[in-house]
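Working notes for the structure below.
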Amino acid sequence: MKGLKFGSKIVFIINSLVAFLLLISYILPYVSPRSFASLSVLSLGVPLLILFNIVFFIYWLLRVKKQMLLSLIVLLLGWNYINSMYKFSASEDTKDEASFSVMSFNVRLFNKYDWLKDKTVKETILDFIKREQPDVLCLQEYPRSEQVKLEGYNDFNATYNKGVKGGQAIYSKFPIVNSGSLEFPNTYNNAIFVDIVKQKDTIRVYTFHLQSSGIETDVEKLKRKHLVICLSKLVRRLKHNKIKWNCF
């Protein structure tokens, strides 16, 4: 009997810790990561914390213990937070005249340089777009040399536009009343936008193509690059009569 009571105490202590961590995670969106950098990592574990609290609640409920109130209260306190992460809706599609669909697709130049062995990449992509029929379509890595005409769509930057970098295009089934580009200096990338008219509203849609971080995964290439850097250091040191060199 004492063993059962001791076991229940241990379970409740763990339950209390998990409930406390979930409660703290509710506050994290309102706290700057600079203030508590290590604590902000806790947000990555929110799904597990929610699951554990549900398990603890069911555990105490089946045992008809008042300890079930702890996890229940914490879960209820964060209901709006949880509901913003997970949406529960009916299986049937809800149709609303004010809603519209948006598709964003990086087409990778329609496989212009044969990165993939499949020779029908462009046709497959276009068939997919025509089948899905999005109201607004944003394309990245889009080659203006391979102009795409989509029936029933207005477009921006699908053909040459003076002063606007290529590589992106926006198609819209709604009228486009304004458009433009945000040029990023010292890069080939930019952001383009269109203002579309939907019913009585004017909506601005942006599409971005940001520069790659350029992370190299080829170990051999990294070694060669490191060797070149070290040799350059050696040459500079020798020029200045600095024989002592520590590279590796």
Side-chain angles (χ1 to χ4, degrees), residues 25-26 28-30 32 43 46-47 50 75-112 120-185 187-212:
S25 70
Y26 295 155
L28 290 179
Y30 307 99
S32 172
S43 60
V46 169
I50 293 172
L75 289 169
L76 290 176
L77 285 173
W79 177 251
N80 289 334
Y81 181 84
I82 296 170
N83 196 40
S84 65
M85 293 176 61
Y86 305 101
K87 293 293 181 182
F88 303 96
S89 59
S91 57
E92 296 182 1
D93 292 335
T94 303
K95 294 185 178 180
D96 186 346
E97 291 183 0
S99 65
F100 61 95
S101 59
V102 179
M103 177 188 290
S104 181
F105 203 139
N106 187 317
V107 297
R108 295 194 69 204
L109 303 177
F110 295 119
N111 199 36
K112 184 176 181 179
T120 63
V121 170
K122 182 177 180 180
E123 291 72 19
T124 302
I125 291 173
L126 293 180
D127 287 342
F128 175 72
I129 292 170
K130 290 173 183 177
R131 185 170 65 251
E132 294 298 320
Q133 286 292 307
D135 295 315
V136 177
L137 171 66
C138 302
L139 298 180
Q140 301 87 38
E141 293 195 40
Y142 166 85
R144 290 192 297 208
S145 59
E146 305 241 352
Q147 297 175 12
V148 171
K149 293 291 184 182
L150 295 176
E151 188 176 349
Y153 285 87
N154 303 294
D155 63 71
F156 170 61
N157 215 36
T159 57
Y160 178 74
N161 289 84
K162 187 177 181 180
V164 180
K165 293 176 182 176
Q168 296 191 87
I170 300 178
Y171 292 80
S172 170
K173 289 185 177 181
F174 309 116
I176 297 176
V177 296
N178 185 34
S179 57
S181 174
L182 303 176
E183 304 298 319
F184 302 152
T187 176
Y188 293 107
N189 303 106
N190 68 329
I192 62 173
F193 65 87
V194 294
D195 292 335
I196 60 175
V197 177
K198 166 65 172 166
Q199 295 176 326
K200 295 182 179 180
D201 294 322
T202 301
I203 304 166
R204 175 161 290 188
V205 178
Y206 288 91
T207 181
F208 292 81
H209 188 218
L210 302 179
Q211 185 170 332
S212 170

Within-4.5 Å side-chain heavy-atom neighbours: [X] and [Y]:
X: Phe208; Y: Ile192; result: no
X: Ile196; Y: Val177; result: no
X: Asn157; Y: Ile170; result: no
X: Val194; Y: Asn178; result: no
X: Ser172; Y: Val205; result: no

Residues forming a side chain to side chain donor-acceptor pair (under 3.5 Å) with [X], sequence neighbours excluded:
X: Thr120; answer: Asp118
X: Thr207; answer: Gln140, Gln168
X: Asn106; answer: Glu141
X: Gln133; answer: Lys173

Residues two or more places apart in sequence or in another chain: which of them pass ring-ring contact (aromatic ring centres under 6.0 Å, His included) with [X]?
X: Phe193; value: Tyr206
X: Tyr26; value: Tyr81
X: Phe100; value: Phe174

My understanding is that only residues two or more places apart in sequence, or in another chain, count here; which of them pass salt bridge (Lys or Arg N to Asp or Glu O under 4.0 Å) with [X]?
X: Asp155; answer: none
X: Glu183; answer: Lys165
X: Arg204; answer: Asp195

**Q.** Ser101 (side chain) donor-acceptor with Asp135 (main chain) under 3.5 angstrom
**A.**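 Present.
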Okay, side chain of Tyr142, backbone of Val148: is any donor-acceptor separation there less than 3.5 Å?
->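 Answer holds: yes.
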Worksheet item: To the nearest 0.5 Å, what is the distance between CG (Leu137) and OG (Ser104)?
Response: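 It comes to 8.0 Å.
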- Query: Rounded to the nearest 0.5 Å, what separation is found between the CD atom of Glu123 and the CG atom of Asn111?
  - Reply: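 Those atoms lie 10.5 Å apart.
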Exercise. Given Ser181 and Asn190, is the side chain to side chain donor-acceptor pair (under 3.5 Å) satisfied, shown in steps?
Worked result: CA-CA 7 Å; Ser181 174; Asn190 68 329; 3.0 Å; yes
- prompt: What closest approach, in Å, do Arg144 and Asn161 show between heavy atoms, and which atom pair accounts for it?
  reply: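 For Arg144 and Asn161, the tightest heavy-atom pair comes out as NH1-N, 3.6 Å.
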Practice problem: Heavy atoms only: give me the nearest Phe156-Gly180 pair and the separation to one decimal. | Solution: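 Scanning both residues completely, I find the closest heavy atoms to be CE2-O, 3.5 Å.
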Side chain to side chain contact (heavy atoms under 4.5 Å, CB included) filter on Glu151, not counting sequence neighbours, yields none
Q | Residues forming a side chain to side chain contact (heavy atoms under 4.5 Å, CB included) with Glu132, sequence neighbours excluded | A |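 Counting only residues at least two positions away or on another chain, Glu132 forms a side chain to side chain contact (heavy atoms under 4.5 Å, CB included) with Met103, Phe128, Pro134.
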**OP:** Take Tyr171 and Asn154 through the side chain to side chain contact (heavy atoms under 4.5 Å, CB included) test and state the conclusion after the steps.
**Re:** CA-CA 6 Å; Tyr171 292 80; Asn154 303 294; over 6 Å; no
